[in-house]
Amino acid sequence: MKDLLKKLVQADTTADKGEIKGAELIKEDLEKSSVACEIDIWDENRANVFAHVKSSGERGALLFVCHIDVVPPGNEEWVNPPFSGMEKEGKIYGRGSVDMKGGTVGIVIAIKEIVESGVDLKGDLMFVATAGEETDSCGVRRFVDSFGGKMPALAGVIIPEPTNFEVITSHRGLFWVKISTRGKTAHGSMPYLGINAISLMNSLLTELDKYKRGITGGLSMSINTISGGEAVNVVPDECSIGIDFRTTPEYTYGRIISDLEDIFSKLKSENPDFNAEINIVRQVGSLNSDIESEFVKDFCQIVSAQETTSANYATDGPFVAEFSAPVVICGPGDPQLCHKPDECIDFCDIKKAAGYYKELILKYLT
Ligand SMILES: [Zn+2]
C-alpha cells in the first residue's frame, strides 16, 4: 500500500492539473479487491471517486470523505522534490502526503481488508475522495447534490484529515469576499476630473479597521489582497481587496454582508461619490457536530481520545453535515506539516489509522 501512496503523491493533483489521475489510482487499487468504484469527471480534468459497498441495510451507513486535490508546492525550496513520493526512514515525502493522501490510503486499506475478509455488512460502507477541497469545494458540492436528498441513513461521517489522531468535531466556517470600489478614470495631471477608486478604498479600509476592532465571539477577519490602478498617470477607476472572514454560528455570512452594507451606506452619506460592491468568492459553513452523540463517543473510545477539539481550518465537513449525521475529523499525520515544503507522513501512522477505521466499521456495520 506504500506504493499507492507514492503513486498518489507523484500524481500532481493541484487544482490546475485536476484530480483524474488520483481518482484513477484509487479506483484501480480498490477494484483489485473487487470494490466497485465510480469516477465522476467534469470541466475536463476535475474528478471525484466514489465507492459504495452495499449491505443488508439493517444498520446506518458510514461515509468516509477524503479529498484528492493538493495545494501547489509554493516558491520555497524543497529538499525532497514535491512530487517525488520519496521514501526515507519509513516516511513518504511530497505534496499531499499528509494533506490528505495519507489518510485516504488509510481508509482504502481498511475498506479492502473488510471486503477481502468476506464479513457480512449490515450497514453500507461508503467512501468518496473529492476535488477542489483546497479551493472552492466543487467536488463535495457535486457529491452532495448527486444524492438529491436520497443518501441512505448515516450513523456517522469520518474525514481522515491529518489530526495526529485527535478527534475534531467543530471548526469555523470561511467566507471570502472581494470588495471593489468604483471610480472614474481621468488624466493623472487633472485628477479633479476623475473619481479615484484608491482614495475610496482608503476610506473603506479605515472603516473596516474600526469594524475589525469591534468584532467579538471568535469571528476573524483579515484583508489579504489589494490591487488597483493601471498606470501612474491615470486616475484609477477600480480598486479591490480580498478579505478572509472565519465565521461562527453567531456570525453568519448574512450578518457580515449586512454589516458591510451599513459601512457602505455610512461612507456614501459622507461622500456621494463612494461606490463599492461585494463579490462572494467562497463560503463554507461552520461545523458543529454533537459531541454527546453515541457515534462521537464511540469514535473517541476507538482512537483513545479523552476529548474532542476544534480545528482552525475549514474542511468539506459542513457540506456532508447536511446528511444529518455527526461528522468527525480524525486521521494520521501531523497537521502542522500541511501546506509546507517537505510535507511527509510516517507509514506506520497510516497503518494505525487503517486499524482504527476498520474497528469502527466492524463496530458499526456488522
Ligand atoms: Zn486537507
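Remember, it's 1-based here, ligands and their atoms both numbered in the order they're listed.
- When every heavy atom of M126 is checked against every heavy atom of P152, the shortest pair comes out as CE-CG, 4.0 Å.
- Of the charged side-chain nitrogens involved, none lies within less than 4.0 Å of a carboxylate oxygen, so that D120 and K122 do not count as a salt-bridged pair.
- Between F264 and F274, the ring planes are tilted. Angles from 30° to 60° get that label.
- Of the charged side-chain nitrogens involved, at least one lies within less than 4.0 Å of a carboxylate oxygen, so that E207 and K210 count as a salt-bridged pair.
- The six-membered or imidazole ring of F175 lies away from that of Y251, with a centre-to-centre distance of 6.0 Å or more.
- Listed by chain and number, the protein N, O or S atoms at a distance under 2.8 Å from the Zn ion (ligand 1) are H67 NE2, D99 OD1, E161 OE1, E161 OE2.
- Scored by the ring pair (Phe, Tyr, Trp, His ring centres under 6.0 Å) test, F50 finds H52, F143, F147 as partners (sequence neighbours excluded).
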